[in-house]
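Sequence lines set the chain letters: A, B, ... in the order given, protein chains first and strands last, and positions in each chain run from 1.
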Protein chains: 2
Amino acid sequence: MQIASKFTVAVHIITCIDVFGEQMRVTSDFLSGSTGVNAVIIRNVLAQLRSAGIVNTRQGSGGAHLAKALNEITLYDVYMAVECVDNDEGLFHFHENPNAKCPVGRNIHKVMDGRLTAVQAAMENELKSVTLAEIVEDTKKIISEE
Amino acid sequence: MQIASKFTVAVHIITCIDVFGEQMRVTSDFLSGSTGVNAVIIRNVLAQLRSAGIVNTRQGSGGAHLAKALNEITLYDVYMAVECVDNDEGLFHFHENPNAKCPVGRNIHKVMDGRLTAVQAAMENELKSVTLAEIVEDTKKIISEE
DNA sequence: AAAGCTGTAACAATCTTTGTTTCAACTTTC
DNA sequence: GAAAGTTGAAACAAAGATTGTTACAGCTTT
């Protein structure tokens, strides 16, 4: 089981906006071409990024723009924006009907929950440690060396 | 998107084997009752735990037993045993067809891969830091205080 | 007014997880 | 050795999530 590709698509989108945004209109069609992902999916992801205050889009005129400086956007922000993991449910799917009549069944949740939360937090902290500025910088560097 | 519940089921199973194993046969039917999960699923998980050298099972006689000391089993071992995440694919599902004709499309993988691996490693290290001995100890403590 | 783009809904296709049915093979007990 | 209880495993169904597709209303610019 994997985290939905909307996350990597979102990072790809933001990178494209910064790399190409000054010289052209970055439309959902263009992004669809660069990512290989359907334009409607792109618009959905853009809508989620917009809700999170990461990008701006407008009907009619077309073209997405960044709403924040790249060094103020972390991978965690993007991850949360596209909601690959439901915040209520958490990263781990717990089996839903442990038997309350069994001593283990009625207590396993209590024992596990804190630890599963810690595991999820470890992952999220690592995501918080990377900014999109780094991602875009690396990308531009590689492009310039090609 | 979530990590399959087979993982929490597996932890539940191991806990039951230790808690109840001395006084009764811990069969797939019993585990099905305690977890609320279908007995065939339980047998599948047991088969994966057996392949990983964590438990022993036998046809006919019935009843699962631990093949290792609890302090030698970490949550990571269980997680890997049940293969909730494909080892080849990784935790993050990358969009599969970025456009090689686009400078961003043909380099985004290079830029992201190392960082995604680091995020996954952070999660896995946290899983490695918890042993089943702790889980079972906590569970027994709670049961004794009920 | 025309062209191009976004926003969004509805539906289909695909994949994964989980459940169900079924039956062969094995062990213990009578 | 027969019966009962159990595991191992295959095949298929059910349910849910992701991704793709189609369609169209609404906005902006020219």
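- Contact annotation: the side chain of A:His95 never approaches that of B:Ile41 to less than 4.5 Å [non-hydrogen atoms, C-beta and beyond].
- Rounded to 10 degrees, the angle separating the terminal helix axes of the helix from C:dA1-D:dT30 to C:dC30-D:dG1, each built from five base pairs, is 10°.
- Taking the side chain as every heavy atom from C-beta outward, A:Tyr79 and B:Val119 never approach each other to under 4.5 Å.
- Between the CD1 atom of B:Ile41 and the C1' atom of D:dA13 there is a distance of 12 Å, given to the nearest Å.
- Distances shorter than 4.0 Å separate none of the side-chain N or O atoms of A:Asn38 from OP1 or OP2 on D:dT19.
- For the pair B:Phe94 CZ and D:dT19 P, the computed distance is 13 Å after rounding to whole Å.
- With sequence neighbours excluded, no residue satisfies ring pair (Phe, Tyr, Trp, His ring centres under 6.0 Å) with A:His93.
- For B:Thr27, the side-chain hydrogen bond (donor to acceptor under 3.5 Å, both in side chains) test picks out no residue, with sequence neighbours left out.
- Whole-Å rounding puts the A:Asn97 CG to C:dT18 C1' distance at 12 Å.
- Here the P atom of nucleotide D:dT18 and the CD1 atom of A:Ile42 are 16 Å apart, to the nearest Å.
- As a whole-Å value, the separation of B:Leu49 CG from D:dG8 C1' is 15 Å.
- Salt bridge B:Lys128/B:Glu124: absent, no basic N to carboxylate O contact under 4.0 Å.
- Between A:Thr74 and A:Leu132, the closest side-chain pair of non-hydrogen atoms is not below 4.5 Å.
- Summarising the geometry, the separation between CD on B:Glu89 and C1' on C:dC15 is reported as 12 Å, rounded to the nearest angstrom.
- Remark: P of D:dT19 and CD1 of A:Ile3 are 12 Å apart, rounded to the nearest angstrom.
- Taking atom CG of B:Leu31 as the reference point, atom P of D:dG5 lies 19 Å away to the nearest angstrom.
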Output side-chain donor-acceptor pairs under 3.5 Å for residues 105-112 of chain B, partner residues at least two apart or in another chain, one line each.
{"residue": "B:Arg106", "atom": "NE", "partner": "A:Glu146", "partner atom": "OE1", "Å": "3.3"}
{"residue": "B:Arg106", "atom": "NE", "partner": "A:Glu146", "partner atom": "OE2", "Å": "2.9"}
{"residue": "B:Arg106", "atom": "NH1", "partner": "B:Ala100", "partner atom": "O", "Å": "3.0"}
{"residue": "B:Arg106", "atom": "NH2", "partner": "A:Glu146", "partner atom": "OE1", "Å": "3.0"}
{"residue": "B:Asn107", "atom": "OD1", "partner": "B:Lys110", "partner atom": "NZ", "Å": "3.0"}
{"residue": "B:Asn107", "atom": "ND2", "partner": "A:Glu146", "partner atom": "OE2", "Å": "3.0"}
{"residue": "B:Asn107", "atom": "ND2", "partner": "B:Pro103", "partner atom": "O", "Å": "2.8"}
{"residue": "B:His109", "atom": "ND1", "partner": "B:Asp113", "partner atom": "OD1", "Å": "3.0"}
{"residue": "B:His109", "atom": "ND1", "partner": "B:Asp113", "partner atom": "OD2", "Å": "3.2"}

| query | Quick one: what's the B/S/- string for nucleotides 2-14 of chain C, heavy-atom cutoff under 4.0 Å, read 5' to 3'? | reply | --BBBBBB-----

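- The one candidate from B:Val45, B:Thr8, B:Val9 that meets the side-chain contact (heavy atoms from CB on, under 4.5 Å) condition with B:Val37 is B:Val9.
- Identified under the salt bridge (charged side-chain N to carboxylate O under 4.0 Å, His left out) test for residues 26-48 of chain A, with sequence neighbours left out: none.
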